[in-house]
Amino acid sequence: MTAILEIKCLKAEVMSDRGRITLIDDINLNLAAGEVMGLVGESGSGKSVTGLSIMGLIEKPVQVTGGQILFKGQDLRTLPQKEMRSIRGNRIAMIFQDPMSTLNPVLRIDTQMMEVVHTHEAVSKQTARERARDALGMVGIPSPEERLSAYPHQFSGGMRQRVAIAIALMMSPDLIIADEPTTALDVTIQAQILSIVQKLAREKGTALIWVTHDLSVVAGLSEKLSVMYAGRIVEQGSTAALLRRPLHPYTNGLIASLPAHNRRGSRLKQITGTTPSFANMPKGCAFHSRCSFATDICLSSPSLELMEGRLLRCFHPVIEGASS
Ligand SMILES: Nc1ncnc2c1ncn2[C@@H]1O[C@H](COP(=O)(O)OP(=O)(O)OP(=O)(O)O)[C@@H](O)[C@H]1O
Ligand code: SF4
Ligand SMILES: [Mg+2]
């Protein structure tokens with residue numbers, strides 16, 4: 001399969017008076033055309049910084065300071081702003097947790113959607129409006145023709161997120177990065193929105209990166225999983241293989257805390273401890289203070305290596321599986 005996205009050794013740092021602090025480092029990802037990947041890790045692990053880096057939307061004081069982001073073989077980091085703007089929203093789109101990150105509160109939906117079309121294609125107003133209407137219909141917004149002339153505040157939270165999704169899908173991008181798009185919504189609407197994005201992406205052959213802190217959200221949606229911890233990928237491989245036999249102690253802990261892995265009535269197993277702060281990263285493996293497999297060698301940094309057909313960053317892979 002052709003790689004649509006290949007990220008090599010990506011690094012981003014925040015610059016402050018006291019120097020630089022690394023937020024993400026040695027991020028390596030591979031995504032084939034039409035493939036669906038879950039990017040999972042607890043809050044603050046660097047998922048959004050990774051997504052925004054791909055989009056070229058990182059802002060000061062954060063800076064991408066190393067690595068390559070190859071999109072169809074072309075390094076996005078070396079592209080002039082103008083070319084990056086023509087890719088963003090057109091070939092690569094992002095859906096954010098808050099749809100108002102995409103929507104302008106003072107403009108009608110048709111104005112906003114038609115502007116997206118006109119930024120990327122020289123078509124008539126009528127064609128752009130028809131595209132916008134069809135996109136609203138596609139994401140299940142009732143009476144799309146009428147809703148085109150509404151303002152964002154006239155939609156419910158779930159419907160507003162559907163509009164943002166319609167905008168992301170409108171140009172049939174090759175890649176969509178969905179950064180916790182359903183976290184703020186109630187459970188029923190969450191499920192509807194996940195299945196709409198998944199279905200439309202499949203129909204159009206769009207590759208998807210689902211960013212979430214909740215493994216149970218993406219376990220059933222993605223073919224591939226990348227697990228992040230403290231700004232680094234710690235394990236990456238096929239979802240089925242990782243769920244069946246996680247090799248990294250952190251992935252193992254995440255899976256053991258999934259409801260399906262716990263007997264009914266028993267308490268969910270949680271990973272004890274908290275993520276270390278970026279300003280005070282411990283020496284060696286960032287997970288060692290929470291890891292029951294840690295030994296002295298873990299005070300040096302494990303590198304990301306190929307093992308059993310997946311990428312793994314750990315000196316002592318788990319042998320027993322998720323119930324340990
Ligand atoms: N502009 C910024 N300035 C300073 N630190 C930042 C900035 N943006 C992000 N960070 C830090 O980078 C780290 C990673 O943040 P990021 O938002 O990528 O985490 P995340 O995995 O998306 O978390 P969440 O699940 O809460 O969304 C965090 O420690 C965060 O505080
Ligand atoms: S490298 Fe060591 S501390 Fe880190 S996850 Fe593996 S066993 Fe645990
Ligand atoms: Mg985030």
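As the structure lists them, so they are numbered: ligands from 1, and atoms in each ligand from 1.
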Ligand 1 N/O within reach of [X] N/O, cut-off under 3.5 Å:
X	value
G44	yes
K47	yes
S45	yes
H213	no
G46	yes
L23	no

Quick one: nearest non-hydrogen protein atom to [atom], plus distance?
atom	answer
atom 26 (O) of ligand 1	S43 OG, 2.5 Å
atom 2 (C) of ligand 1	V62 CG2, 3.4 Å
atom 27 (O) of ligand 1	S48 OG, 3.9 Å

Has the side chain of [X] got a donor or acceptor atom that lies under 3.5 Å from a matching backbone atom of [Y]?
X	Y	result
S300	G284	no
D75	G73	no
E42	H213	no
S45	G231	no
R20	M15	no

[atom1]/[X]: more than 12 non-hydrogen atoms of other groups inside 6.0 Å:
X	atom1	value
E146	CD	no
E115	CD	no
D186	CG	yes

Exercise for the section: Using a strict 4.0 Å cut-off to heavy atoms of V14, name the atoms of ligand 1 that fall inside it. Expected result: 3 (N), 4 (C)
Exercise for the section: Provide the number and element of each atom of ligand 1 under 4.0 Å from a heavy atom of F278. Expected result: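 In order of numbering, the contacting atoms are 13 (C), 29 (O).
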Exercise for the section: Take atom 4 (C) of ligand 1 and look for protein heavy atoms under 4.0 Å from it; say yes if you find one, no if not. Expected result: yes
Problem - Non-hydrogen protein atom less than 4.0 angstrom from atom 10 (N) of ligand 1 - result: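 Protein heavy atoms within 4.0 Å of atom 10 (N) of ligand 1 - there is at least one.
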Problem - Between NE2 on residue H288 and SG on residue C314, distance to nearest 0.5 Å - result: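 H288 NE2 to C314 SG: 13.0 Å, rounded to 0.5 Å.
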Exercise for the section: Supply the atom-to-atom distance D26 CG to L10 CG, rounded to the nearest 0.5 angstrom. Expected result: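 Spacing of CG (D26) from CG (L10) equals 9.5 Å.
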Exercise for the section: Give a yes-or-no answer on whether the side chains of S48 and D179 include a donor-acceptor pair shorter than 3.5 Å. Expected result: yes
Handout entry: Donor + acceptor pair across side chains of T212, D214 (<3.5 Å)
Key =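 No pair is found: no donor N or O on one side chain lies under 3.5 Å from an acceptor on the other.
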Exercise for the section: Evaluate the side-chain proximity of R108 to L148: yes if any heavy-atom separation is below 4.5 Å, no if none is. Expected result: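 Answer no - side chains too far apart.
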Problem - Non-hydrogen side-chain atoms of M94 and R88 separated by less than 4.5 Å - result: no
Practice task
Check which protein N, O or S atoms are less than 2.8 Å from the Mg ion (ligand 3) and report how many there are.
Solution key: 1
Practice task
For G41 and ligand 1, answer yes if some heavy atom of the residue is under 4.0 Å from a ligand atom, otherwise no.
Solution key: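 No.
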Exercise for the section: Report yes or no: does E180 have a heavy atom closer than 4.0 Å to ligand 1? Expected result: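 E180 counts as a contact of ligand 1 under the 4.0 Å cut-off.
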Problem - Cation over ring face, R91 and F71, 6.0 Å, 45° - result: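 No - R91 does not lie over the ring of F71 by the 6.0 Å and 45° rule.
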Problem - Per-residue contact class, V49 against ligand 1 - non-hydrogen pairs under 4.0 Å - result: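 Within the 4.0 Å criterion, V49 contacts ligand 1 through backbone and side-chain atoms alike.
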Exercise for the section: Anything under 30° is parallel, anything over 60° is perpendicular, the rest tilted; go ahead and classify H248 against Y250. Expected result: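 Plane angle over 60°, so perpendicular.
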Practice task
Considering non-hydrogen atoms only, spot the tightest contact between H316 and C298 and give its length.
Solution key: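 Taking every non-hydrogen atom into account, CD2-SG, 3.8 Å.
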Handout entry: Residue-atom pairs from the protein, N, O or S only, that lie under 2.8 Å from atom 8 (Fe) of ligand 2
Key = C291 SG
